[in-house]
K.L.:
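Provided herewith is a single structure, encoded as structure tokens, for subsequent inquiry.
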Amino acid sequence: MTCGRQNQRRAGLALAAAALLLAGCGQSAETKGADGAKDGAKGGAAAGASASAPSSAKASVAPLGPGEVRVGGEVAKPYSVTLADLRKLPQASVEVKFTSAKGEQRHTYQGVPLHDVLKTAEPRFDAAKKNGQLRGFVSATGGGDYRAVFAWAEIDPGFAKSQVLLAVSEDGVAFDDAAGPRLVVPQDTKGGRYVSELNQLWVGVVDPVVDGAK
């Protein structure tokens, strides 16, 4: 009887040891699987970030060259223009008088009507609305992030008596190509909107702002 009990006890211990061994192996496999999944997720995220980086780079706007002006906003054909490009276009000349921080200024400017430059970009005004272009405006940005705004009617010859110019010269002296053109606003009595070192013209419409404020 004693030998039989001892054999039963030994068999039980062996079964228990086998069960513990199997349980340990299963837990180890599960842990490795979880760690592998984590590593896989990290690798996938890294791969995703790596894959998205070129897309972000492509989506970024190309830097402007010296003297280059970007024309964009609510337009069908955004583009960039330089002083050299402007000199090849039909020119207009205007004599102006205005007040600046340096006192009274009198100059003769030659350049291209701003309306002609913007028209090339094909502004997207709502043709279904009466005089839809009158809802438009133009933001002009120059050196030092200086900015001024014009209503479309101020530059459209169908409404305005005078022409706002992108000037290429002042008193017969050509502007430096690296400096870019200068806005000339004959109807203004002060020179605040004579934006120098112009680098951006942005066309917009007031509807989203006005309608969103209701």
Side-chain angles (χ1 to χ4, degrees), residues 59-94 96 98 100 105 107-127 129 131-170 173-210:
S60 62
V61 179
L64 289 171
E68 190 175 10
V69 181
R70 179 176 289 123
V71 183
E74 292 296 324
V75 298
K77 296 180 179 179
Y79 73 108
S80 296
V81 65
T82 65
L83 268 176
D85 297 326
L86 293 173
R87 292 190 185 103
K88 297 174 185 176
L89 300 176
Q91 304 287 302
S93 183
V94 62
V96 298
F98 60 91
S100 74
Q105 304 287 315
H107 298 288
T108 299
Y109 289 99
Q110 186 171 352
V112 180
L114 175 59
H115 182 261
D116 291 352
V117 173
L118 296 176
K119 188 171 61 176
T120 300
E122 299 183 8
R124 294 186 295 207
F125 299 133
D126 191 347
K129 292 183 171 66
N131 287 329
Q133 69 271 37
L134 296 184
R135 299 166 183 254
F137 64 90
V138 179
S139 170
T141 305
D145 198 33
Y146 188 87
R147 185 167 291 161
V149 176
F150 298 81
W152 186 263
E154 292 183 274
I155 65 172
D156 189 331
F159 295 93
K161 288 184 177 181
S162 59
Q163 294 187 104
V164 178
L165 295 184
L166 261 70
V168 299
S169 68
E170 179 185 81
V173 179
F175 291 133
D176 184 74
D177 284 350
R182 182 183 191 183
L183 275 185
V184 173
V185 194
Q187 66 266 34
D188 284 7
T189 58
K190 291 188 176 182
R193 295 198 296 180
Y194 280 62
V195 181
S196 300
E197 299 178 11
L198 188 70
N199 57 62
Q200 184 188 57
L201 293 167
W202 195 90
V203 180
V205 291
V206 299
D207 293 34
V209 177
V210 176

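These numbers come from the heavy atoms of this one structure, side chains and all, not from hydrogens, waters or symmetry mates. Because the structure is predicted, anything quoted here is derived from the model rather than measured.
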K.L.:
Is Asp177 close to Thr82 at the side-chain level, that is, under 4.5 Å between some pair of heavy atoms?
P.N.:
no

K.L.:
To the nearest 0.5 angstrom, please state how far the NE2 atom of His115 sits from the CH2 atom of Trp152.
P.N.:
5.0 Å

K.L.:
Heavy-atom distance under 4.5 Å between the side chains of Thr108 and Ser93, does that happen here?
P.N.:
yes

K.L.:
Supply the atom-to-atom distance Glu122 CD to Tyr79 OH, rounded to the nearest 0.5 angstrom.
P.N.:
10.5 Å

K.L.:
Output the distance between atom OG (Ser196) and atom CZ (Phe175), rounded to the nearest 0.5 Å.
P.N.:
7.0 Å

K.L.:
Hey, mind stepping through Leu183 and Leu166 against side chain to side chain contact (heavy atoms under 4.5 Å, CB included) and telling me if it holds?
P.N.:
CA-CA 5 Å; Leu183 275 185; Leu166 261 70; 3.5 Å; yes

K.L.:
Enter the distance from Leu198:CG to Arg182:CZ here, rounded to the nearest 0.5 Å.
P.N.:
11.5 Å

K.L.:
Any side-chain heavy-atom pair from Val112 and Leu165 closer than 4.5 angstrom?
P.N.:
no

K.L.:
Report yes if some heavy atom in the side chain of Gln105 is under 4.5 Å from a heavy atom in the side chain of Glu170; otherwise report no.
P.N.:
no

K.L.:
Can you see which heavy atom on Leu134 is nearest to which on Ala153, and at what distance?
P.N.:
CD2-CB, 3.8 Å

K.L.:
Which atoms form the tightest heavy-atom contact between Gln91 and Val168, and what is the distance?
P.N.:
OE1-CG2, 3.5 Å

K.L.:
Which heavy atom of Pro90 sits nearest to which heavy atom of Pro113, and what is that distance?
P.N.:
O-CD, 4.3 Å

K.L.:
Drop me the distance from Gln187's CD to Gln163's CD, to the nearest 0.5 angstrom.
P.N.:
10.5 Å

K.L.:
Taking the side chain as C-beta and beyond, is there a heavy-atom pair between Asn131 and Phe125 under 4.5 Å?
P.N.:
no

K.L.:
Please assess Val75 against Leu118 for the test side chain to side chain contact (heavy atoms under 4.5 Å, CB included), listing each intermediate value before the final yes or no.
P.N.:
CA-CA 9 Å; Val75 298; Leu118 296 176; over 6 Å; no

K.L.:
Could you tell me if the side chain of Leu86 sits less than 4.5 Å from the side chain of Val117, heavy atoms only?
P.N.:
yes

K.L.:
Compare every heavy atom of Ala174 with every heavy atom of Ser169, then report the nearest pair and how far apart it is.
P.N.:
CB-CA, 3.8 Å

K.L.:
Contact between Ser139 and Leu201 at the side-chain level, heavy atoms closer than 4.5 Å - yes or no?
P.N.:
no

K.L.:
Is it the case that the side chains of Arg147 and Thr141 hold a donor-acceptor pair, with the cut-off being a distance below 3.5 Å and no angle test?
P.N.:
yes

K.L.:
At their closest point, which heavy atom of Arg124 faces which heavy atom of Ala76, and how far apart are they?
P.N.:
CG-N, 3.9 Å

K.L.:
At what distance, to the nearest 0.5 angstrom, does CG of Leu64 lie from CG of Asn199?
P.N.:
6.5 Å

K.L.:
Assign the ring pair His107 / Phe98 to parallel, tilted or perpendicular, where the plane angle (0 to 90°) is split at 30° and 60°.
P.N.:
tilted

K.L.:
Can Arg135 and Glu74 be counted as an ion pair, charged N to O under 4.0 angstrom?
P.N.:
no

K.L.:
Decide yes or no for Tyr194 and Val185: does some side-chain heavy atom of the first lie under 4.5 Å from some side-chain heavy atom of the second?
P.N.:
yes

K.L.:
Tell me, with the steps shown, if Val94 and Val184 meet side chain to side chain contact (heavy atoms under 4.5 Å, CB included).
P.N.:
CA-CA 9 Å; Val94 62; Val184 173; 4.1 Å; yes

K.L.:
Specify the closest pair of heavy atoms between Ile155 and Phe150, including all atoms of both residues, with the distance to one decimal.
P.N.:
CG2-CB, 4.4 Å

